[in-house]
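Below is one structure, written out as structure tokens; comments come after it.
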Amino acid sequence: MSVRRLSFSVYVFASACALLASVTQAETTPEAPAPSAEDRVRASVTFLASDEQEGRGVGTEGLNRAADYIAQQFTALGLNTSLYDGTPFQPFEIVTGAELGETQRLAWIPPTTASNAAPIELKFDQDFTPLALGGSAKLDLPLVFVGYGITAKEHNYDDYAGVDVNGKAVIILRHEPQQANPHSVFNGTDDSPFAALTRKISNAYEHGAAAVIFCTDDFALRNDVREGMNRIQTAVDDLRKAEDAFQALESPSPVQVQEFHGQVEKLSTRLSELAKEAAAERDTLLHFQHGGQPGPGREIPVLHGTRRALDPVITAACGKTLAALEAEMDAGPAPRSRELNGWKVQGETQVHRTNVPVKNVVAVLEGEGPHADETIIIGAHYDHLGFGGEGSFVPHSQEIHNGADDNASGTAALLEVARLLATRPEKLGRRVVFIAFTGEERGLFGSAQYVRQPLFPLENTVAMLNMDMVGRLRDDKLIIQGVDTSPEFGVIIDKLNESAKFQLTKQPGGNGPSDHASFYPQNIPVMHFFTDLHDDYHRPSDDIDKVNFAGAERVAQMVAASAAEIAALDVRPGYIAGAPTVSI
């Protein structure tokens with residue numbers, strides 16, 4: 001028997017013993033009053049956000065104890081938790097660290113028909129570098145240029161349309177088209193979610209690519225030059241102001257003279273440094289750790305190459321430079337993807353990863369009726385930041401980040417929603433899957449894992465309701481994001497709020513930095529429940545004493561009622577694509 005299964009069995013056995021003991025005691029002593037819903041939420045938050053759980057960071061035993069606690073609660077409610085080898089645990093691994101290996105080789109291989117068919121060797125750390133976002137591999141792959149590597153059906157734009165990248169290496173430009181256009185569908189002059197390296201890698205992976213080679217776009221390079229020149233001008237202006245201020249002194253003291261000379265020396269040194277930077281080649285490589293760590297299941301190598309290393313290949317294969325292709329893409333925007341016929345990349349890249357086993361906690365409440373094979377997912381992440389570090393707003397602190405609001409509150413509310421739905425006198429019309437996700441703080445890894453390996457088909461999953469930070473209800477203000485992702489959701493929420501009496505803020509869009517964002521691209525309408533940010537967010541001060549337990553319980557009631565209304569619909573809720581993106 002595995003350690004995971006044994007751990008869960010111990011909890012189930014302990015629960016059974018506790019139940020038996022309570023029955024035996026009830027024969028001789030008066031029955032104690034059942035805890036209120038608020039007390040149940042308080043008890044769960046108190047357990048999950050205690051120092052003993054070590055901030056529920058990935059790699060801590062406290063995270064495992066939290067998973068076992070959630071599993072115990074699900075099982076005690078009579079939910080089906082025998083889902084993964086007899087347990088509620090969906091296991092996977094998270095990469096917690098990456099280092100460069102010793103072997104890093106890369107070469108362009110021209111077509112055999114080319115007049116000069118000799119390999120073009122690239123220099124590591126000068127022409128190319130691997131990124132920690134990818135894995136290790138020996139490469140001997142055809143090359144395909146896929147522009148910005150974006151698939152945005154809501155904007156009628158797809159860099160992968162008409163090209164076959166399966167088993168090939170893709171060359172992808174950073175950022176996105178029309179970056180200088182304030183009216184661009186890609187969020188104007190600001191980056192949209194499509195610009196993120198991780199999203200581009202995921203898109204390449206989903207299209208079957210075997211390697212990703214990023215290249216910095218021309219607009220970004222020119223923008224870097226402009227910013228460098230602006231910094232030089234600022235340094236010149238500061239030097240001139242210092243000189244003018246000194247000249248205005250009629251009889252400067254020795255101290256003022258010394259201060260002026262020191263200021264001039266400092267500004268002159270700064271100006272010299274900026275001038276050297278501006279004169280240097282701006283086409284620099286990204287740092288190995290740029291973009292963070294990879295998600296689970298992605299082992300394909302990810303590299304960054306300079307334009308001077310990539311442009312000759314593009315020009316030879318396409319008859320146009322990278323800059324010319326970018327200008328054509330911006331004009332539409334319109335993809336200019338194409339296979340680089342005959343060109344290949346060969347070499348080897350090594351990235352050594354550190355993996356940590358983690359697990360989602362899943363439980364199922366079956367429905368009844370003609371739509372019982374359709375699924376509603378209700379989720380909340382139970383992980384947090386452990387002892388701080390990356391993601392903390394006090395990154396140098398070694399204090400425990402208990403995450404009472406983020407997201408012990410959402411996890412406790414999830415358990416209360418499960419209780420409310422499991423104890424209904426009649427069955428729901430659709431199946432409900434409750435999921436406590438892990439790895440959210442590191443990049444929605446738990447929800448991404450479920451989407452890759454769903455317990456029930458995603459095409460029959462009709463809604464996803466998410467709770468993240470629902471423990472700071474103030475002045476009855478509740479934020480619900482994604483009401484506009486289905487035409488039915490607004491009607492349901494307005495109806496329920498007649499009695500719930502929340503001061504609602506409906507934020508548009510199905511994307512955002514929480515687990516609902518993993519489901520929305522799968523054509524699943526979502527709602528994300530949230531009581532807003534606060535000064536303790538991602539700090540050690542996010543502790544139990546500041547949680548509004550009654551407020552979290554009210555949110556749980558709203559989510560449970562929403563799920564019941566969705567489950568009772570005669571037809572599945574509709575899906576609205578392309579709702580605007582909101583960052584929280």
Has the side chain of [X] got a donor or acceptor atom that lies under 3.5 Å from a matching backbone atom of [Y]?
{"X": "D515", "Y": "E440", "result": "no"}
{"X": "T375", "Y": "F456", "result": "no"}
{"X": "D484", "Y": "G509", "result": "yes"}
{"X": "D283", "Y": "L221", "result": "no"}
{"X": "S184", "Y": "N187", "result": "no"}
{"X": "D383", "Y": "G57", "result": "no"}
{"X": "W108", "Y": "L122", "result": "no"}
{"X": "K200", "Y": "A196", "result": "no"}
{"X": "H287", "Y": "Q289", "result": "yes"}
{"X": "D311", "Y": "L322", "result": "yes"}

- Go through E399 and V394 one step at a time and tell me if the side-chain contact (heavy atoms from CB on, under 4.5 Å) criterion holds. CA-CA 9 Å; E399 293 182 68; V394 281; over 6 Å; no
Given side chains that start at C-beta, do those of [X] and [Y] come closer than 4.5 Å, heavy atoms only?
{"X": "T349", "Y": "K138", "result": "no"}
{"X": "P301", "Y": "L139", "result": "yes"}
{"X": "V212", "Y": "L303", "result": "no"}
{"X": "V95", "Y": "V356", "result": "no"}
{"X": "H207", "Y": "N166", "result": "no"}
{"X": "L465", "Y": "V526", "result": "no"}
{"X": "L310", "Y": "F145", "result": "no"}
{"X": "L143", "Y": "K168", "result": "no"}

Do [X] and [Y] have a side chain donor and acceptor closer than 3.5 Å?
{"X": "Q263", "Y": "E259", "result": "no"}
{"X": "D535", "Y": "Y537", "result": "no"}
{"X": "S514", "Y": "N466", "result": "yes"}
{"X": "T103", "Y": "E348", "result": "no"}
{"X": "T189", "Y": "Q179", "result": "no"}
{"X": "H183", "Y": "N181", "result": "no"}
{"X": "H175", "Y": "D217", "result": "yes"}
{"X": "D468", "Y": "H528", "result": "no"}

Side-chain donor-acceptor distances from residues 127-137 under 3.5 Å, at least two apart:
| from | atom 1 | to | atom 2 | distance (Å) |
| --- | --- | --- | --- | --- |
| D127 | OD2 | K123 | N | 2.8 |
| S136 | OG | V351 | N | 2.6 |
| S136 | OG | V351 | O | 2.9 |

Rounded to the nearest 0.5 Å, how far does [atom2] of [Y] lie from [atom1] of [X]?
{"X": "D159", "Y": "I150", "atom1": "CG", "atom2": "CD1", "result": "6.0 Å"}
{"X": "L385", "Y": "E441", "atom1": "CG", "atom2": "CD", "result": "4.5 Å"}
{"X": "Q126", "Y": "T284", "atom1": "CD", "atom2": "OG1", "result": "12.5 Å"}
{"X": "R452", "Y": "L458", "atom1": "CZ", "atom2": "CG", "result": "11.5 Å"}
{"X": "S486", "Y": "M527", "atom1": "OG", "atom2": "CE", "result": "8.0 Å"}
{"X": "H516", "Y": "S447", "atom1": "NE2", "atom2": "OG", "result": "9.5 Å"}

Might you point out which heavy atoms bring [X] and [Y] nearest each other, and give the distance in Å?
{"X": "A211", "Y": "L141", "value": "CB-CD1, 3.9 Å"}
{"X": "I172", "Y": "A204", "value": "CD1-CB, 4.4 Å"}
{"X": "S518", "Y": "V451", "value": "O-CG2, 3.5 Å"}
{"X": "A67", "Y": "Y382", "value": "CB-OH, 3.5 Å"}
{"X": "F489", "Y": "A463", "value": "CZ-CB, 4.0 Å"}
{"X": "R338", "Y": "V144", "value": "O-CG1, 3.6 Å"}

NZ/NE/NH1/NH2 to OD/OE distance under 4.0 Å, [X] and [Y]:
{"X": "R105", "Y": "E121", "result": "no"}
{"X": "E93", "Y": "R353", "result": "no"}
{"X": "K320", "Y": "E328", "result": "yes"}
{"X": "D140", "Y": "K344", "result": "yes"}

- Task: Over 60° means perpendicular and under 30° means parallel, so classify the ring planes of H384 and H538, tilted if in between.
- Result: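 Correct class here is perpendicular.
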- Query: Do the rings of F519 and F437 sit parallel, tilted or perpendicular, given the 30° and 60° boundaries?
  - Reply: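 Rings of F519 and F437: tilted, 30 to 60°.
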- Ring centres under 6.0 angstrom apart (H304, F214):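 Judged by ring-centre distance (under 6.0 Å), H304 and F214 do not meet the cut-off.
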- Less than 6.0 Å separating the ring centroids of Y148 and Y157?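 Not close enough - the centres of the two rings lie 6.0 Å or further apart.
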- So which of Q449, H381, Q90, Q453 actually passes side-chain hydrogen bond (donor to acceptor under 3.5 Å, both in side chains) with N360?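 Only match with N360 under side-chain hydrogen bond (donor to acceptor under 3.5 Å, both in side chains): Q90.
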- Atom CD of E99: over 12 foreign heavy atoms under 6.0 Å: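 Not buried by this count: 12 neighbours or fewer within 6.0 Å.
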- Query: After noting the C-alpha distance and the side-chain angles of E339 and D164, does the key distance pass the side-chain contact (heavy atoms from CB on, under 4.5 Å) rule?
  - Reply: CA-CA 8 Å; E339 296 187 29; D164 177 16; 4.1 Å; yes
- Query: Do R199 and F194 meet the cation-pi criteria used here (NZ or CZ under 6.0 Å from the six-membered ring centre, within 45° of the axis)?
  - Reply: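 Output yes; distance and angle both within limits.
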- Give the intermediate values and the outcome of side-chain contact (heavy atoms from CB on, under 4.5 Å) for residues I480 and T505. CA-CA 6 Å; I480 307 179; T505 297; over 6 Å; no
- Message: Could you walk me through whether K359 and T438 satisfy the side-chain contact (heavy atoms from CB on, under 4.5 Å) test, starting with their C-alpha distance in whole Å, then the side-chain angles of each, then the deciding distance to 0.1 Å, before giving a yes or no?
- Response: CA-CA 6 Å; K359 54 202 175 190; T438 191; 5.7 Å; no
- Item | Listed partners of H401 passing ring pair (Phe, Tyr, Trp, His ring centres under 6.0 Å), at least two apart |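 H401: no ring pair (Phe, Tyr, Trp, His ring centres under 6.0 Å) contacts found.
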